[in-house]
Amino acid sequence: MRLNLTPMTRRRLATFRANRRGFWSLVVFLILFTASLFAEFLANDRPLMVSYDGHLYAPVFIDYPETAFGGDFPTAADYRDPFLQDQIASHGWALWPPIPFSHATVNYDLGRPTPAPPSPINWLGTDDQGRDVVARLIYGFRISVLFGLALTLSASAIGVAAGAVQGYLGGWVDLLFQRFLEIWGSLPQLFILIIVTSAIVPGFWTLLIILLLFSWTTLIGVVRAEFLRARNFEYVRAARALGLSDVRIAVRHVLPNAMVATITFMPFVLSGAVVALTSLDFLGLGLPPGSPSLGDLLRQGKENLQAPWLGLSGFLVVAILLSLLVFVGEAVRDAFDPRKTQ
């Protein structure tokens, strides 16, 4: 099936592909993000598949009792238990993921104090609680990108709608809204986060709502400027003369032009959302303790200077992720630049 693209869209795609750094950054980012979505198949303390007495089991999807593999208790099977591993090995086989640790799995067989250095079992070592660093990086990468995407999309939707109303109506609506934004933007975000996290236990959705309260204003200025510029164009006046409603004019005729500037900012908004979550986790105000987090790994690196693999691993992952997003944003900006698509 061939997409019917407009000539302008084809020129923008060609300009985006011409920016080799941005194009390959998008490819690498999509590969890493797609791989992180299947983190349970890459790093898990459960086998992907178990064959026992001729029957196949999928522990990665289903919780099986220990009695299913010759154990004595009807509790959930612990596949790292040596007894259970011997039972499976003597009656069948088990297919393990490349990294036999989940983000919360503690390796009790280190034989040395934690954090342990890199080894053939723990490729990048362990943190101060004996958890595998590679597994925590994979899961932390996934939750950081998902959190950033959720915050970016929700903040952009609210910001575009608010900026459209403010710019299209103008007058007193625009004036009062600007004064409100000035007051709202002067609120101390960090102090409010400290107060909120001291009253309730922070979680994924709690942090998303709190950060959304301060992130929805990011794109208002861009959308407002586009609507203020286009509200008096000839085609808008002609649409009003034909009897079209203000909502239809704003959505069908003015909003597409404003979305051009909005899309160019979204990769940078996404990188800012990832930095916000990482910073909060680094300060101890983010996700609950034990959650896979890039910021938590950076904090552990700061607190365990004798274990440089912690700080270096977290820093490299965050630096690569932000660099990819910035390069993609630059390529998108070039693709929507009218001077480069003519």
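Keep in mind that the numbers below use all heavy atoms, side chains included, and drop hydrogens, waters and symmetry copies. Just so we're clear, the structure is a prediction, and the values are computed from it rather than from any experiment.
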Enquirer: Minimum heavy-atom separation for T152 and A273, please, with both atom names.
Expert: OG1-CB, 4.2 Å

Enquirer: Side-chain heavy atoms under 4.5 angstrom apart, residues restricted to Ile, Leu, Val, Met, Phe, Trp, Tyr: same cluster for L181 and V222?
Expert: no

Enquirer: Which donor-acceptor pairs under 3.5 Å do the side chains of residues 307-314 make with protein atoms, sequence neighbours left out?
Expert:
unit_1 : atom_1 : unit_2 : atom_2 : d
W309   : NE1    : A116   : O      : 3.3
W309   : NE1    : T126   : O      : 3.3
S313   : OG     : W309   : O      : 2.5

Enquirer: Among all residues two or more places apart in sequence or in another chain, which pass the side chain to side chain contact (heavy atoms under 4.5 Å, CB included) test with T206?
Expert: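 By the side chain to side chain contact (heavy atoms under 4.5 Å, CB included) rule, T206 matches I200, I210.
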
Enquirer: Grab the two heavy atoms, one from P267 and one from V332, that are nearest each other, plus how far apart they are.
Expert: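 For P267 and V332, the tightest heavy-atom pair comes out as CG-CG2, 4.4 Å.
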
Enquirer: Where the side chain of S156 meets the backbone of L153, is there a donor-acceptor pair that is under 3.5 Å apart?
Expert: no

Enquirer: Is there a side-chain contact between F73 and T67, using heavy atoms and a 4.5 Å cut-off?
Expert: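 No, side chains not in contact.
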
Enquirer: In Å, rounded to the nearest 0.5 Å, how long is the span from CD1 of I249 to OH of Y235?
Expert: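 Here the interatomic distance stands at 10.0 Å.
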
Enquirer: Could you tell me the separation between the OG atom of S291 and the CG atom of D296, rounded to the nearest 0.5 Å?
Expert: 8.5 Å

Enquirer: Applying side chain to side chain donor-acceptor pair (under 3.5 Å), can you list everything that pairs with R179, at least two apart in sequence or on another chain?
Expert: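 R179: side chain to side chain donor-acceptor pair (under 3.5 Å) contacts with E182.
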
Enquirer: How many angstroms lie between CE in M49 and OG in S51, if you round to the nearest 0.5 Å?
Expert: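 Here the interatomic distance stands at 9.5 Å.
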
Enquirer: For the side chain of S36 and the backbone of F33, is there at least one donor-acceptor N/O pair under 3.5 Å apart?
Expert: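 Yes, because the side chain of S36 sits within donor-acceptor range (under 3.5 Å) of the backbone of F33.
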
Enquirer: What's the shortest heavy-atom distance between S271 and L322, and which atoms?
Expert: O-CD2, 3.7 Å

Enquirer: Sequence neighbours left out, what pairs pass side-chain hydrogen bond (donor to acceptor under 3.5 Å, both in side chains) with at least one residue falling in residues 94-104?
Expert: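 Qualifying pairs: none.
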
Enquirer: Would V50 and W93 satisfy side-chain contact (heavy atoms from CB on, under 4.5 Å), going step by step from the backbone distance to the final call?
Expert: CA-CA 6 Å; V50 172; W93 49 264; over 6 Å; no

Enquirer: Between R231 (side chain) and Y168 (backbone), is there a donor-acceptor pair under 3.5 Å?
Expert: yes

Enquirer: Can you list, pair by pair, the side-chain donor-acceptor contacts under 3.5 Å of residues 52-63, counting residues two or more places apart and other chains?
Expert:
unit_1 : atom_1 : unit_2 : atom_2 : d
Y52    : OH     : F69    : O      : 3.3
Y52    : OH     : Q87    : NE2    : 3.4
D63    : OD1    : R46    : NH1    : 2.4
D63    : OD1    : R46    : NH2    : 2.4

Enquirer: Determine the minimum heavy-atom distance between Q300 and D128, stating which atoms define it.
Expert: OE1-OD1, 2.9 Å

Enquirer: When clusters are formed by joining ILVMFWY residues with side-chain heavy atoms under 4.5 Å apart, either directly or through shared neighbours, do V106 and Y79 land in the same one?
Expert: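 In one cluster: no.
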
Enquirer: Give the minimum heavy-atom separation between F227 and A164, together with the two atoms involved.
Expert: CZ-CB, 3.5 Å

Enquirer: Hydrophobic clustering (ILVMFWY, side-chain heavy atoms < 4.5 Å, transitive) - are L211 and V269 grouped together?
Expert: no

Enquirer: Do W205 and F147 come within less than 4.5 Å of each other through their side chains, counting heavy atoms only?
Expert: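 No; the side chains remain at least 4.5 Å from each other.
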
Enquirer: Do L212 and L149 belong to the same hydrophobic cluster, where Ile, Leu, Val, Met, Phe, Trp and Tyr are linked whenever their side-chain heavy atoms lie under 4.5 Å apart, directly or via other members?
Expert: yes

Enquirer: Can you tell me how far the CZ atom of F177 sits from the CD1 atom of I220, to the nearest 0.5 Å?
Expert: 5.0 Å

Enquirer: Any side-chain donor paired with an acceptor under 3.5 Å for D81 and Q85?
Expert: no

Enquirer: Please check: side-chain N/O of R80 versus main-chain N/O of P100, any donor-acceptor pairing under 3.5 Å?
Expert: yes

Enquirer: Taking salt bridge (Lys or Arg N to Asp or Glu O under 4.0 Å) as the test, write out the residues that go with R229, two or more places apart.
Expert: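 If we apply the salt bridge (Lys or Arg N to Asp or Glu O under 4.0 Å) test to R229, skipping adjacent residues, the hits are E226.
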
Enquirer: Run the side-chain donor-acceptor check on residues 20-32: report pairs under 3.5 Å with partners two or more places apart or on a different chain.
Expert:
unit_1 : atom_1 : unit_2 : atom_2 : d
R20    : NH1    : R17    : O      : 3.4
R21    : NH2    : E330   : OE1    : 2.8
S25    : OG     : R21    : O      : 2.6

Enquirer: Please step through side-chain contact (heavy atoms from CB on, under 4.5 Å) for the pair L321 and F141, ending with a clear verdict.
Expert: CA-CA 8 Å; L321 174 57; F141 183 92; 3.7 Å; yes

Enquirer: Once you round to the nearest 0.5 Å, how far does CG of L48 lie from CG of L95?
Expert: 5.0 Å

Enquirer: Nearest 0.5 Å, please: how far is CG in L151 from CG in L207?
Expert: 10.0 Å

Enquirer: Please table the atom pairs, donor to acceptor, closer than 3.5 Å between any side-chain atom in residues 277-285 and protein atoms at least two apart or in another chain.
Expert:
unit_1 : atom_1 : unit_2 : atom_2 : d
T278   : OG1    : V274   : O      : 2.8
S279   : OG     : V275   : O      : 2.7
D281   : OD1    : L287   : N      : 2.7
D281   : OD2    : S293   : OG     : 2.6

Enquirer: Can you sort out the partners of Q306 under side chain to side chain contact (heavy atoms under 4.5 Å, CB included), two or more places apart, ordered by chain and number?
Expert: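 Partners of Q306 under the side chain to side chain contact (heavy atoms under 4.5 Å, CB included) test: P115, N304.
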
Enquirer: With sequence neighbours left out, write down each residue that passes side chain to side chain contact (heavy atoms under 4.5 Å, CB included) with A43, or none if nothing qualifies.
Expert: I99, A135, I138, Y139

Enquirer: Report yes or no: do V160 and V165 belong to one cluster of Ile/Leu/Val/Met/Phe/Trp/Tyr joined by side chain heavy-atom distances under 4.5 Å?
Expert: yes

Enquirer: If you count every heavy atom of other residues, nucleotides or ligands that lies below 6.0 Å from F180 atom CZ, does the total exceed 12?
Expert: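 More than 12 heavy atoms, drawn from other residues, nucleotides or ligands, come within 6.0 Å of this atom.
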
Enquirer: Are D45 and F101 packed together at the side-chain level, in the sense that at least one heavy-atom pair is separated by less than 4.5 angstrom?
Expert: no

Enquirer: How about D78 and E66: do any of their side-chain heavy atoms sit closer than 4.5 Å?
Expert: no

Enquirer: Can you list everything that forms a side chain to side chain donor-acceptor pair (under 3.5 Å) with Q178? Sequence neighbours excluded, please.
Expert: Q166

Enquirer: Any side-chain hydrogen bond (donor to acceptor under 3.5 Å, both in side chains) pairs touching residues 114-125, not counting sequence neighbours?
Expert: N107-N122, N122-D132

Enquirer: Return yes when atom CZ of F83 has more than 12 non-hydrogen atoms of other residues, nucleotides or ligands closer than 6.0 Å, and no otherwise.
Expert: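 Atom CZ in F83 is packed in, count exceeds 12.
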
Enquirer: Hey, is CG on L124 packed in by over 12 heavy atoms from elsewhere, all under 6.0 Å?
Expert: yes

